[in-house]
Amino acid sequence: MRILLVDDEVELVSTLAERLELRGMEADWQETAAGAIEAAGKQTYAIAVLDVKLPGASGLELRVRLEQMQPEMKFIFVTGHGCEEAFEQGREAAGCEYYLVKPVSIELLVSKIEDVLGKKVR
Amino acid sequence: MWGRIKPEFWTHADEGEAPARNMFNYRRLWRSAVLAIVGVAVLPLVIMTLIQLSTTQRAVDAEANQRTHRFASNARRSVTSFLNARREALEFLIQDNDYLSLRNEQRLGELLEGLKTAFGGFVDLGLVDSRGTQIAYAGPFRLKGAEYRDQPWFREVAERGLHVSEVFLGYRRAPHLVIAVKKPRPGDSFVVLRATIDTELFNNLLSQLHLSEGGDAFIISREGKLQTPSRDHGDVFDDLALQVPASSSETRVDEVIGQQGHTSLVGHASIPDSPFVLLVVSPEDALLAAWRATRVKIGALVFASVLIIAVVILGVATLLVNRIYLADQRRLTTLHQVEYQNKMASIGRLAAGVAHEINNPLAIINEKAGLLTDMMVLKKQYARDEKLLGIAAVIVSSVERCGAITRRLLSFARRSDTANLEDLDLEEVVSDVLGFLDKEAEHRGIGITVCTALDVPKVWSDRGKLQEIFLNLINNAVAAMPKGGALTVAARLTEPDRVTVTLSDEGCGIAPEDLTRVFEPFFSTRADQGGTGLGLSITQGLVEELGGTIAVTSKQGRGSTFLVDLPVRDSDTMTRGTG
């Protein structure tokens with residue numbers, strides 16, 4: 001069971017991935033939507049943690065693409081913007097899944113991942 | 001009195017920059033409006049009245065003149081015919097009777113009786129020869145043989161054939177006059193028939209004219225001595241006080257100013273073949289009394305009209321200018337509010353941008369510090385160093401603090417024109433706001449206490465607006481306490497569905513005369529320190545948008561208390577929120 005992290009801030013996304021791995025999860029990270037699609041072509045992911053705003057495409061668009069490729073995949077969105085419209089749009093698009101505002105604490109992220117997957121990952 | 005009726009625009013002083021300035025100078029506008037309308041309305045009225053009055057005045061003057069003229073002519077005709085009738089009677093007698101029968105005193109007496117019966121007024125009758133001796137006499141006195149040779153009247157009648165005397169008293173001590181006519185006799189001699197006439201009839205004649213015409217008619221001699229009694233100008237033989245212009249045989253009317261300064265119209269004409277001048281004096285006051293009364297009435301009417309017009313114009317102009325002023329004020333207030341909202345919106349956008357930009361590096365620091373901790377805790381190869389763990393914990397907690405600041409900034413930025421209603425804990429909102437201000441308060445030595453009664457429920461309201469309301473009020477409170485003090489923010493349930501938040505400071509307070517004006521736009525006591533005078537006005541607007549009310553009480557030198565009363569659930573804002 002792997003987790004895909006996508007964010008244009010390499011330092012952020014790589015560190016997050018490392019921290020999740022330290023907690024016993026398998027995490028890959030990508031800094032672009034294209035990279036994420038490529039990675040999803042090679043590997044099955046149970047859950048993707050996407051930045052809402054990505055260079056070239058929005059996290060929401062990326063989600064549509066990824067869902068087409070892997071219909072089982074679940075999503076959590078992360079945003080740097082606290083702005084109301086994006087928040088509402090994000091929540092609607094994300095359906096029952098989670099929408100978190102940066103900076104996100106690792107404990108919160110882990111617990112949300114567990115919620116979405118419906119099982120303990122540690 | 002003036003304070004009560006003074007319109008609002010009167011004391012308006014125009015301040016501020018061009019777009020924020022009022023569009024008109026209201027007092028000048030009011031003045032020109034009043035002057036223009038009064039001019040247009042009153043001037044024609046006054047001019048027409050004056051023209052009408054002067055036209056009528058001329059007509060009335062002419063009428064008075066004509067009346068006096070007619071009166072004088074009539075009187076002259078009457079007097080002339082009175083004298084002529086008696087003269088002609090004498091001329092008839094002297095022609096009709098021969099010398100001998102005239103010398104016969106009995107015959108003369110019969111003739112006298114005949115004259116008395118036919119004409120009246122004859123007192124005696126005498127015959128004088130060319131030497132001036134009265135050779136026959138009929139009448140109540142013994143005047144036969146009287147010598148008239150050297151008397152002026154005898155010389156006049158000898159020369160001209162006719163004499164009419166002035167009025168004199170004579171033997172009988174009663175005013176009378178004499179008419180004498182001459183008849184030539186063969187040779188150089190002549191006889192004169194002389195009759196004395198009582199002026200009683202004469203006087204009656206004139207007094208009848210008084211009655212019918214209303215003026216004063218009398219006769220004077222050419223020397224200005226009254227010959228008949230007058231009503232207002234003295235008795236017989238008095239000297240006339242009026243200066244009368246030289247008379248002609250034609251009737252003339254002149255204006256004469258009397259001794260008391262009263263003007264009279266004097267009609268005058270000399271009576272032909274006599275020393276008499278007939279005068280008719282009509283005092284102008286009497287002639288023009290009716291006209292003057294009318295003139296006073298017209299004047300009063302016009303004055304009253306002008307007064308009413310002026311009052312109406314003043315009222316209407318004041319009302320209209322005040323309406324314009326109030327509309328202009330509303331326009332200005334709106335303008336300022338829009339300006340303020342634009343400013344707030346740009347500040348919001350700026351804050352959002354800054355917060356967002358800071359968020360990413362913060363997240364990286366957060367993650368890196370988290371990783372450090374993770375590695376020290378979870379990986380055996382990194383010794384579990386308490387000191388390093390402590391450092392990492394400080395980094396993480398600092399990042400959390402920065403995160404809290406950016407979240408607050410973003411929540412301010414989120415405020416938009418549409419209401420974003422949610423269930424809000426008032427204490428939390430106040431604490432959020434205090435997060436911005438507690439450093440400043442600490443610096444000034446201000447202690448801030450927040451206490452919320454246990455029964456205060458969450459309110460369904462707009463976080464951004466509430467934050468702005470409390471930020472403004474707390475900012476004001478902090479500014480009012482430059483030397484420290486205590487600020488108490490308390491919330492309590494006043495009615496089942498109303499919460500009142502009380503903000504009490506120990507600042508300088510508000511002067512009683514300013515207390516009613518603090519919520520007015522542009523009212524500021526800190527204008528010199530950059531106050532716009534909009535803070536409380538906008539705060540009030542926001543409170544009202546949320547369905548609440550705001551009030552203030554203050555004691556100068558002791559501090560102020562602002563009371564913000566908010567609905568727990570406002571029906572209006574609820575519909576707005578869900579709709």
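Below, chains carry the letters A, B, ... as their sequence lines are ordered, and counting in each starts from 1. Given the structure is predicted, the values throughout are model-derived calculations rather than measurements.
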In residues 4-11 of chain A, which residues are in contact with chain B at a heavy-atom separation under 4.5 Å?
A:E9, A:E11
Counting only N and O atoms by type, is there a donor-acceptor contact under 3.5 Å from the side chain of B:D462 to the main-chain atoms of B:K465?
yes
To the closest 0.5 Å, what do you measure between CZ (A:F75) and CG (A:L60)?
10.5 Å
Backbone N or O of A:I3 within a donor-acceptor pair of the A:E26 side chain at under 3.5 Å?
no
Honestly, the part of B:L371 sitting under 4.5 Å from a heavy atom of chain A is both
Is a donor on one side and an acceptor on the other found under 3.5 Å between the side chain of A:R65 and the backbone of A:E61?
no
Between B:R569, B:K458, B:R463, which is the residue that forms a salt bridge (charged side-chain N to carboxylate O under 4.0 Å, His left out) with B:D423?
B:R569
Do you know which of B:V377, B:L362, B:I364 has the most heavy-atom pairs with chain A at a distance under 4.5 angstrom?
B:I364
Considering only heavy atoms, which portion of A:V13 lies under 4.5 Å from any heavy atom of chain B: side chain, backbone, both, or neither?
neither
Please check: side-chain N/O of B:R492 versus main-chain N/O of B:V499, any donor-acceptor pairing under 3.5 Å?
no
Checking side chain to side chain donor-acceptor pair (under 3.5 Å) for the pair B:E367/A:T15: CA distance, chi angles, key distance, verdict?
CA-CA 6 Å; B:E367 292 314 314; A:T15 314; over 6 Å; no
